[in-house]
Amino acid sequence: DNGGDTTRGVTGDTIKVVQYQGPDDDPIINYLSDAVSVDDTNAESQQTANDMLAMFEQFYEFYGRSIELEFYESTGLANDEVTARADAVRIAEDFEPFVVLGGPALTNAFADELAAREVMCVGCTPGQPPAWYAERDPFVYGLAISAAQARAHGAEFVTKQLVGGTAEFAGDEAFNGQPRVFGHVWISSSPESATNAQAFEADLAAGGAEVVESLPYVLDPATLPTQAQQTVAKLKSSGVTTVLLVSDGIAPRDLTNEATAQEYFPEWVIVAPTLSDLTAFGRTYDQTQWANAFGVTHGAVPVTPEISGFYGLYQWFVGAEPPAKDTIDLLMPNYTFLAANLQATGPDLTPQNFRDALFAGAGTTPANTEALLTYGDKGFWPDTDYNGVDDATLVWWDPAATGPDEIRKEGTGMWAFVDGGQRYL
């Protein structure tokens with residue numbers, strides 16, 4: 001006896017799950033994906049998710065229940081707060097799910113509205129400060145490292161390894177003997193972005209790294225070139241030798257192109273990257289500039305996709321290439337998180353019991369080829385952890401290296417991992 005109807009979206013036979021999808025023609029997301037030639041459609045993602053769901057139901061214990069998966073396609077852009085809230089209301093009222101997977105990438109309004117209506121969501125918001133998640137307990141979770149945690153890693157790297165040194169990796173020889181002068185370029189994707197940036201700069205200052213320019217940008221395809229022109233001009237005029245990048249995958253393309261146009265060749269240091277630490281995106285940047293890039297990533301040493309990861313897993317189970325072949329590794333982690341913790345929670349399935357099981361778990365197994373994920377209070381962070389990844393490693397851009405990127409495309413230029421990808425807490 002699994003207890004029958006234990007909470008909203010859960011019956012004795014089913015668990016209602018909604019997968020959020022943005023519109024196929026979202027110009028912001030297309031601006032991101034077109035840069036790396038990704039053209040998976042929503043329909044292909046739906047087929048991939050349904051096929052993988054059959055595998056999860058075969059190999060995980062759901063205590064007599066099956067997952068009833070529905071898809072919701074938004075009409076709003078990735079940064080549209082009004083549509084995001086309206087979508088959350090409609091999903092909560094019309095679908096009445098136990099959990100929602102995914103959400104708009106550049107606003108927290110969707111997750112905020114779902115939490116207010118006591119609907120769980122996973123991977124449904126850009127990174128938020130720790131207090132934001134605590135105020136919405138037990139309804140919002142992430143798999144990636146949190147915004148604050150990523151910046152904590154970045155601050156440790158900068159203050160322990162870069163402060164007091166010279167800009168030896170800059171492309172401009174005039175910088176090579178100079179003490180490092182730091183600038184901070186960061187994406188503004190929610191009202192909390194400025195809070196995260198200020199906290200990061202306070203940590204840097206405490207470690208002796210003074211930031212002489214703090215420059216936000218918004219991911220707007222129409223204005224990004226102009227924003228890059230203004231940003232680079234300010235960095236150059238302030239004598240910044242070392243640019244600390246907290247960015248998406250696209251902005252560095254405009255920033256590096258503009259830096260070359262202005263004959264400015266600093267060190268580029270990724271400190272809390274979102275996609276900019278992927279080889280697929282790195283190849284789209286100005287290579288004269290990106291040859292001077294290094295820093296912190298929360299990704300792991302890549303393995304052959306055909307025999308490992310979700311691409312290989314789909315082929316093993318289904319016997320064919322996944323329809324969403326380029327984005328399966330972005331789509332499926334939320335499902336793995338959900339399946340593993342449904343099993344861990346047991347038959348009495350409620351948001352509170354789901355949270356308790358998640359926080360009680362030991363987390364994943366540390367490895368150079370996989371990030372460590374834990375939740376709750378494991379002693380790694382001063383605040384309760386509602387996000388997954390905890391550790392990081394160091395990388396540098398090798399413009400001469402050749403091989404496959406994350407979506408199996410051969411090319412020149414790759415991220416190289418320091419010390420074989422040794423990971424650090």
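Given the structure is predicted, the values throughout are model-derived calculations rather than measurements. Any value given below was found using the heavy atoms of this structure, including those in side chains, with hydrogens, waters and symmetry copies removed.
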Is a donor from one side chain sitting under 3.5 angstrom from an acceptor on the other, for [X] and [Y]?
X: T166; Y: Q178; answer: no
X: D137; Y: Y386; answer: yes
X: T242; Y: E267; answer: yes
X: N42; Y: S45; answer: no
X: Q289; Y: Y264; answer: no
X: W186; Y: S214; answer: yes
X: Y314; Y: D51; answer: yes

Next on the checklist: Could you work out, with side-chain hydrogen bond (donor to acceptor under 3.5 Å, both in side chains) as the rule, every residue matching Q262, not counting sequence neighbours?
Outcome noted: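 For Q262 the side-chain hydrogen bond (donor to acceptor under 3.5 Å, both in side chains) partners, ignoring immediate neighbours, are E258.
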Checklist entry - Between Y141 and F354, what is the ring plane arrangement, given parallel below 30°, perpendicular above 60°, and tilted in between? => result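 Judged by the thresholds at 30° and 60°, the geometry between Y141 and F354 is tilted.
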Checklist entry - Taking the six-membered ring for Trp, are F317 and F310 ring centroids under 6.0 Å apart? => result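 Centroid distance F317-F310: not below 6.0 Å, so no.
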Item to check | Donor-acceptor pair, side chain of D390 and main chain of T374, under 3.5 angstrom | outcome: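 Yes, the answer is positive, given that a donor and an acceptor are paired below the 3.5 Å cut-off.
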Next on the checklist: Please list all pairs meeting ring pair (Phe, Tyr, Trp, His ring centres under 6.0 Å) that have one or both residues in residues 199-250, counting only residues at least two apart or in different chains.
Outcome noted: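 Passing the test, one end in residues 199-250: H184-F200.
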Checklist entry - Got more than 12 heavy atoms from elsewhere within 6.0 Å of NZ, K236? => result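 Counting other residues, nucleotides and ligands, NZ of K236 exceeds 12 neighbours.
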